[in-house]
Structures are given as C-alpha cells and as structure tokens.
Amino acid sequence: MNITGNTVFIPGGTRGIGLALATRLQARGNTVIVGGRNAAALDALAAEHGFGTVVIDTSDPDSIVRASAEVIERFPEVNVLVPMAGIMRAENWRTPTFLPDAEAIVTTNVLGPIRLIAAFTNHLQSRPDATIVTVSSGLAFSPLRITPSYNATKAAIHMLSESIRLQFGGTSVSVVELVPPSVQTELMPGHDTDPHAMPLDEFVDEVMSLLESQPDAHEIQVERVKFLRYGEARGDYDTVVATLNATDPHAAAPAR
Ligand SMILES: NC(=O)c1ccc[n+]([C@@H]2O[C@H](COP(=O)([O-])OP(=O)(O)OC[C@H]3O[C@@H](n4cnc5c(N)ncnc54)[C@H](OP(=O)(O)O)[C@@H]3O)[C@@H](O)[C@H]2O)c1
C-alpha cells in the first residue's frame with residue numbers, strides 16, 4: 001500500500017488504534033474519514049483534526065449500507081477501507097450465559113467487516129489503486145483463555161483476508177492484514193494501562209514504518225506480535241499458549 005495520497009475510510013476510528021492510525025495517515029497526506037456510533041465524538045474529532053466523519057454502527061446491516069453509500073457519495077475518491085471496529089469481551093463457556101456476548105462479538109468483528117467489504121467492493125474495484133486493510137490480532141494465532149469468541153473472530157478475519165486476496169488478484173484491490181499484538185487501548189477494561197500491552201503510539205509508529213517500507217506486504221506485523229503469530233511455525237506453540245495465559249492479567253478473574 002502506498003501510504004500517501006489516499007482517501008481512507010476507518011469505521012471504528014473514534015479512539016484507540018483507529019484514531020491513532022487516522023491521525024498518522026492524515027499527517028502523511030491522506031484524506032481520512034472516520035466512522036463511529038457516537039455523533040458527538042465524531043463532531044469533536046472533525047473540529048480537532050478536520051477528519052470527514054460519518055455515523056455508523058457496524059453491528060447493524062442497514063447502518064452499514066447507509067453510511068457506506070454516504071461515504072462514497074461525499075468522498076467518491078475513497079480508495080482505502082479499514083474495517084477497524086471491534087469488541088472484545090471475557091466469556092465463560094462452562095455456562096450458557098456466554099451466548100449473548102459471543103453473538104455480539106461475531107456480529108461486530110466478523111459480519112461487520114464482511115458487510116463493509118460488500119458495500120465497498122464495486123467502488124473499490126472502480127478505483128485505479130485500492131486497498132482493504134483488515135484488522136485481525138495475534139490472538140488469531142494463539143488463544144487467550146478468557147476470550148474464545150474474540151480469538152475465533154480474529155482467526156476468521158485472517159482466513160478471510162488470505163482468501164479474498166486470492167479473489168482480488170488481478171484487480172486494482174490489494175488486501176493487507178494488520179495483525180496487532182496486545183496494544184494499550186480501551187478494548188477491554190484496564191487494557192489501556194496493562195503493562196504487558198504495547199503503548200499505542202509506539203505500535204502505530206511501527207505500523208506506519210512497516211506500511212512504508214513494505215508496500216507489498218500481505219500482513220503488517222510489528223516485532224511484538226511475532227511471538228504469537230509464529231508459535232506453530234517455530235514449533236513452540238504450546239509454550240506460547242502457556243506463556244500467554246500465564247501472563248494474562250485477567251486470567252485469575254472469576255469467570256462470568
Ligand atoms: N488493542 C488491542 O490489544 C488489539 C489487539 C489486536 C487487535 N485489535 C483490534 O483493533 C481494532 C481496534 O481496537 P482498539 O484496541 O482500538 O479498541 P477501542 O479503543 O475499544 O476502539 C474500538 C473502536 O471501534 C468502535 N466500535 C466498536 N463497536 C462499533 C460498532 N458497532 N460500530 C461502530 N464502531 C464501533 C469504537 O467506537 P464506539 O464504541 O465509540 O462506537 C472505537 O472507535 C479492533 O478490531 C480490535 O479487535 C486490538
């Protein structure tokens with residue numbers, strides 16, 4: 001992906017990784033449109049940063065269709081889609097009470113990106129140079145005990161990215177998978193101050209540098225994610241899983 005001169009839509013860019021990426025991309029000469037559920041937060045971001053904004057709830061198919069059409073109409077040059085919105089919740093699969101959380105996680109983390117890509121696929125292929133930046137996780141490759149559905153949704157995003165990259169072969173659309181390690185954001189309670197998680201600015205700086213130095217990369221992997229990403233390939237998967245879950249600050253929390 002060329003990291004300048006694009007028009008980038010980031011649904012799920014009102015805070016965390018999405019917002020940090022939005023500010024970096026804007027600073028590098030890209031037009032950025034941020035999407036989220038909170039209209040007041042979007043207005044504040046527009047006033048502070050000059051982003052384009054659109055209200056979107058990526059768990060709602062109608063909202064995705066409406067907001068995507070609005071983005072394409074207001075910003076017809078849009079050529080990069082970053083389906084960033086995601087949720088992560090602890091679950092206890094030993095009781096059936098996990099089900100509502102599991103359904104919400106699948107709806108936002110898997111159906112959300114699928115529906116967004118469906119809404120943009122024609123438009124992106126009409127652009128001379130377009131990119132879909134999917135967002136998976138190191139947990140797509142090594143499981144965190146307390147978040148089964150989250151881990152599974154991110155594994156689904158990894159395999160979707162691998163698969164649709166094949167389908168978009170020979171078109172103007174590239175597929176790049178961002179594979180974050182644990183990063184200090186508000187994704188889960190206390191996660192923004194978790195000493196085991198990577199500081200947000202450090203993470204996004206490394207991402208920008210990788211996007212620039214590896215314009216043809218299929219995956220954007222900061223150094224810190226390689227422990228989780230390559231356990232199976234290295235042959236130390238069991239150790240990775242044991243270590244990941246031993247250092248998980250939520251591991252001792254009572255299961256809900
Ligand atoms: N932080 C990590 O450790 C980590 C690691 C690997 C992958 N990731 C992935 O990175 C992405 C961003 O996460 P983050 O860490 O930056 O979390 P975050 O700080 O909680 O930000 C999540 C963003 O998604 C938006 N969002 C959530 N549900 C939405 C919905 N239904 N409709 C529209 N927007 C929605 C939120 O906006 P509102 O709630 O205000 O609407 C917010 O802007 C997620 O896909 C996450 O799975 C994060």
Side-chain angles (χ1 to χ4, degrees), residues 9-24 32-45 51 53-64 66-68 71 81-89 101 103-116 133-144 146-147 149-158 160-161 177-204 206-207 219-222 224-225 227-229 244 248-250:
F9 177 40
I10 311 180
T14 54
R15 61 170 189 272
I17 295 172
L19 178 57
L21 197 60
T23 56
R24 299 300 196 288
V32 178
I33 305 118
V34 163
R37 290 173 291 191
N38 183 332
L42 291 171
D43 288 346
L45 289 173
F51 298 141
T53 60
V54 62
V55 174
I56 182 169
D57 179 349
T58 66
S59 67
D60 175 356
D62 293 338
S63 174
I64 289 177
R66 183 202 49 74
S68 300
V71 169
L81 170 67
V82 188
M84 177 66 70
I87 58 172
M88 181 178 193
R89 295 181 191 162
D101 281 334
E103 290 177 341
I105 293 163
V106 171
T107 301
T108 299
N109 294 8
V110 181
L111 289 177
I114 288 174
R115 289 169 173 151
L116 278 160
V133 181
T134 57
V135 184
S136 67
S137 167
L139 300 181
F141 304 93
S142 300
L144 185 63
I146 59 162
T147 56
S149 296
Y150 180 84
N151 307 336
T153 61
K154 293 303 179 177
I157 291 298
H158 169 67
L160 275 173
S161 307
E177 178 185 345
L178 178 61
V179 193
S182 184
V183 178
Q184 288 174 344
T185 70
E186 295 168 35
L187 186 60
M188 286 187 87
H191 198 54
D192 53 335
T193 54
D194 181 351
H196 299 291
M198 187 171 183
L200 179 58
D201 281 341
E202 205 179 294
F203 169 68
V204 184
E206 194 174 340
V207 167
E219 290 183 32
I220 297 299
Q221 306 163 349
V222 299
R224 294 248 313 232
V225 84
F227 175 69
L228 299 176
R229 172 69 183 84
L244 172 65
D248 164 22
H250 306 280

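Every number for a ligand or one of its atoms is a count from 1 in the order of the listing. These figures come from a predicted structure and were not determined experimentally.
- At a heavy-atom cutoff of 4.0 Å, ligand 1 is contacted by no atom of A197, backbone or side chain.
- The closest approach between any non-hydrogen atom of S136 and ligand 1 is below 4.0 Å.
- Not a single N or O atom of N38, backbone or side chain, sits closer than 3.5 Å to an N or O atom of ligand 1.
- Using a 4.0 Å cutoff on heavy atoms, G35 does not count as a contact of ligand 1.
- Side-chain contact, E177 with H158: a donor N or O sits under 3.5 Å from an acceptor N or O.
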Steps toward side-chain contact (heavy atoms from CB on, under 4.5 Å) verdict (L144, M88): CA-CA 11 Å; L144 185 63; M88 181 178 193; 3.9 Å; yes
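- Nearest-residue assignment for atom 9 (C) of ligand 1 (options V135, L228, I10; heavy-atom criterion): V135.
- Taking distance alone, with nitrogen or oxygen atoms compared against 3.5 Å, V183 approaches ligand 1 more closely than that limit.
- Distances shorter than 4.0 angstrom do not occur between any heavy atom of P11 and any atom of ligand 1.
- Protein heavy atom closest to atom 46 (C) of ligand 1, with residue, atom name and distance, is Y150 OH, 3.5 Å.
- Neither the backbone nor the side chain of N109 comes within contact range of ligand 1; no heavy atom lies under 4.0 Å.
- Interface of E186 with ligand 1, defined as ligand atoms under 4.0 Å from a residue heavy atom, comprises 19 (O), 20 (O).
- Between H191 and ligand 1, a contact under 3.5 Å exists for at least one N or O pair.
- Within the 4.0 Å heavy-atom criterion, neither part of A41 lies near ligand 1.
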Evaluation steps, salt bridge (Lys or Arg N to Asp or Glu O under 4.0 Å), between R224 and E206: CA-CA 10 Å; R224 294 248 313 232; E206 194 174 340; over 6 Å; no
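- Here Q184 has no heavy atoms under 4.0 Å from ligand 1, in either its backbone or its side chain.
- Evaluated by nearest non-hydrogen atom to atom 44 (C) of ligand 1, the leading choice among M88, M84, M198 is M84.
- By the 3.5 Å distance cut-off applied to N or O atoms, D57 is counted among the residues near ligand 1.
- Counting only N and O atoms by type, the side chains of D57 and S63 include no donor and acceptor under 3.5 Å apart.
- The closest protein non-hydrogen atom to atom 15 (O) of ligand 1 is T185 OG1, 2.6 Å.
- For atom 39 (O) of ligand 1, the closest heavy atom belonging to the protein is R37 NH2, 2.6 Å.
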